[in-house]
**Student:** 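Have a look at this one.
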Protein chains: 2
Amino acid sequence: METLSHSEEQVMTALWNCGKPATRREIAACLPADCTWADSTLLNFLLRLENKHFVRSEKQGNRNIYTPLVRQVTYCGAVSAAHLQRLYRGDLKAMLGALADTGRISFTDMERLARYLDNRAAESPEYDYD
Amino acid sequence: METLSHSEEQVMTALWNCGKPATRREIAACLPADCTWADSTLLNFLLRLENKHFVRSEKQGNRNIYTPLVRQVTYCGAVSAAHLQRLYRGDLKAMLGALADTGRISFTDMERLARYLDNRAAESPEYDYD
DNA sequence: AAATATCTTCCACAAATGTAAAATAAATAA
DNA sequence: TTATTTATTTTACATTTGTGGAAGATATTT
């Protein structure tokens, strides 16, 4: 999958958060507060996203409607897998370890996470018999 | 923490893998096979890493010995925390969810991970009484 | 219809990144 | 001690990224 720059990713996130195809204005409204970009800046990122086939735009009068072409979970899954690969040779435990060792997740977090995983595992589709 | 580009990160990883202060040659030997860089390329990345205070270099005759100034776990923890923040608003469960939903971790992986977390939680320093 | 406001596209430019040739310095061999 | 090899530093350049002005459309108001 084609990779996105930090800004491009922020724009995609805003568009995903819109929940439906959106205009440049609506996307801007979903952007985090610290993105005080000029209109042309945002539009430029949207252009670049279009070239990377992450969005499609169709003209409606004089404005564009942007539609995401990649689902958020697809993108996030791919990026996280790459992250894991790059930093931990794909070993998720190593990542959890680094987070714990640097005080970013606590004992309680780990317990909760373990419960969450147990639950997810329990309802995993691999266990639907019929 | 200052951020690293992908190439710079690869160099740091190689240096960390050396396990001790290393020369450019030794670092090159620890690099993944697909990094077929010219010497000056690698040296340039080391220069940039020095400017970012990720390594220190001291001259030994005509060659340099490079020493990491940032521990791998420190860097990885910071980068992973940022990753989590950017893509999942800091919600680790959301990340696990995305990995599971895109077929990157299986039922078995989740179970194993849950066990791992239980163990880590059990021996968490927060539970050392005296 | 003319003036005005909106929107988008194009162009521009600085900074960061990937990459390496050319220049330089130090060590070694002849 | 002069050549030769080995390292490093300097310089350079293309591409990507962050950012926005200017120019060109389209719509709206007077």
Side-chain angles (χ1 to χ4, degrees), chain A residues 1-15 18 21-68 75 79 82-83 86-87, chain B residues 1-15 18 21-68 75 79 82-83 86-87:
Chain A
M1 155 145 25
E2 182 108 47
T3 95
L4 300 186
S5 78
H6 183 57
S7 303
E8 288 163 349
E9 194 179 276
Q10 278 183 295
V11 174
M12 276 313 287
T13 301
L15 176 53
C18 286
T23 65
R24 170 217 108 212
R25 257 174 195 290
E26 294 168 321
I27 295 171
C30 286
L31 240 28
D34 63 303
C35 285
T36 56
W37 292 329
D39 294 356
S40 53
T41 300
L42 172 53
L43 285 162
N44 235 325
F45 291 140
L46 284 165
L47 237 300
R48 289 174 189 180
L49 284 168
E50 206 170 348
N51 292 330
K52 291 187 178 183
H53 305 294
F54 266 75
V55 307
R56 179 165 55 80
S57 83
E58 54 195 324
K59 197 150 299 223
Q60 189 106 132
N62 71 340
R63 42 161 104 45
N64 290 342
I65 313 281
Y66 298 93
T67 310
Y75 176 76
V79 172
H83 174 84
R86 256 187 30 237
L87 260 56
Chain B
M1 154 145 26
E2 182 108 46
T3 94
L4 300 186
S5 78
H6 182 57
S7 303
E8 289 163 348
E9 195 179 276
Q10 277 183 295
V11 174
M12 276 313 288
T13 301
L15 176 53
C18 286
T23 64
R24 170 216 108 212
R25 258 174 195 289
E26 293 168 322
I27 295 170
C30 286
L31 240 27
D34 62 305
C35 285
T36 55
W37 292 330
D39 293 355
S40 54
T41 300
L42 171 53
L43 285 163
N44 232 327
F45 290 140
L46 284 165
L47 236 300
R48 288 174 189 180
L49 284 168
E50 206 171 348
N51 293 331
K52 292 186 178 183
H53 306 295
F54 266 75
V55 307
R56 179 165 54 80
S57 84
E58 55 194 321
K59 195 149 302 224
Q60 189 106 132
N62 70 340
R63 43 162 103 44
N64 290 342
I65 312 281
Y66 298 93
T67 310
Y75 176 76
V79 172
H83 174 85
R86 256 187 30 236
L87 260 55

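Convention: sequence-line order gives letters A, B, ...; per-chain numbering from 1.
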**Student:** Quick one, which residues of residues 56-65 of chain B touch DNA chain D with a heavy atom under 4.0 Å?
**Tutor:** K59(B), N62(B), R63(B), N64(B)
**Student:** Can you tell me how far P of dA16(C) sits from CG of L4(B), to the nearest Å?
**Tutor:** 14 Å
**Student:** How far apart are the closest heavy atoms of L15(A) and Y66(A), and which atoms are they?
**Tutor:** CD1-O, 3.8 Å
**Student:** Within the pair S5(A) and dG18(D), is there a side-chain N or O less than 4.0 Å away from OP1 or OP2?
**Tutor:** yes
**Student:** Going by heavy atoms closer than 4.0 Å, what residues in residues 24-31 of chain B are next to DNA chain C?
**Tutor:** none
**Student:** How long is the gap from CG on N51(A) to CG on L47(A), to the nearest 0.5 Å?
**Tutor:** 6.0 Å
**Student:** With A14(B), which residues qualify under side-chain contact (heavy atoms from CB on, under 4.5 Å), at least two apart?
**Tutor:** I27(B), C30(B), L31(B)
**Student:** Identify the heavy atoms of T23(A) and R63(A) that sit nearest to each other, and give their distance.
**Tutor:** CG2-CD, 4.0 Å
**Student:** What heavy-atom pair brings S5(B) and K52(B) nearest, and what distance separates the two atoms?
**Tutor:** N-NZ, 4.3 Å
**Student:** For the pair Y75(A) and F54(A), name the ring-plane relationship: parallel under 30°, tilted 30 to 60°, perpendicular over 60°.
**Tutor:** perpendicular
**Student:** In whole angstroms, how far is the C1' atom of dT16(D) from the CD atom of E2(A)?
**Tutor:** 12 Å
**Student:** Where along residues 6-13 of chain A does a heavy atom fall under 4.0 Å from DNA chain C?
**Tutor:** none
**Student:** Measuring from atom CD1 of I65(A) to atom CD of E58(A), what distance do you get when rounded to the nearest 0.5 angstrom?
**Tutor:** 7.0 Å
**Student:** Give me the residues of residues 40-53 of chain A where at least one heavy atom lies under 4.0 Å from an atom of DNA chain D, by number, or none.
**Tutor:** S40(A), T41(A), N44(A), F45(A), R48(A), K52(A)
**Student:** Before you tell me yes or no, could you show the steps for E8(B) and R48(B) under salt bridge (Lys or Arg N to Asp or Glu O under 4.0 Å), namely the whole-Å CA-CA distance, both residues' side-chain angles and the distance that decides it to 0.1 Å?
**Tutor:** CA-CA 8 Å; E8(B) 289 163 348; R48(B) 288 174 189 180; 5.3 Å; no
**Student:** Within this structure, what is the CG-CD distance for the pair L49(B) and E9(B), rounded to the nearest 0.5 Å?
**Tutor:** 10.5 Å
**Student:** Dump the intermediate steps for side-chain contact (heavy atoms from CB on, under 4.5 Å) on T13(B) and R86(A), then the final yes or no.
**Tutor:** CA-CA 9 Å; T13(B) 301; R86(A) 256 187 30 237; over 6 Å; no
**Student:** Report the distance from atom NE2 of H53(B) to atom CD of E2(B), rounding to the nearest 0.5 Å.
**Tutor:** 7.5 Å
**Student:** If you measure from CG on N64(B) to CD on E50(B), what distance do you get to the nearest 0.5 Å?
**Tutor:** 7.5 Å
**Student:** Give me each pair satisfying salt bridge (Lys or Arg N to Asp or Glu O under 4.0 Å) with a member in residues 25-44 of chain A, each pair once, sequence neighbours excluded.
**Tutor:** R24(A)-D39(A)
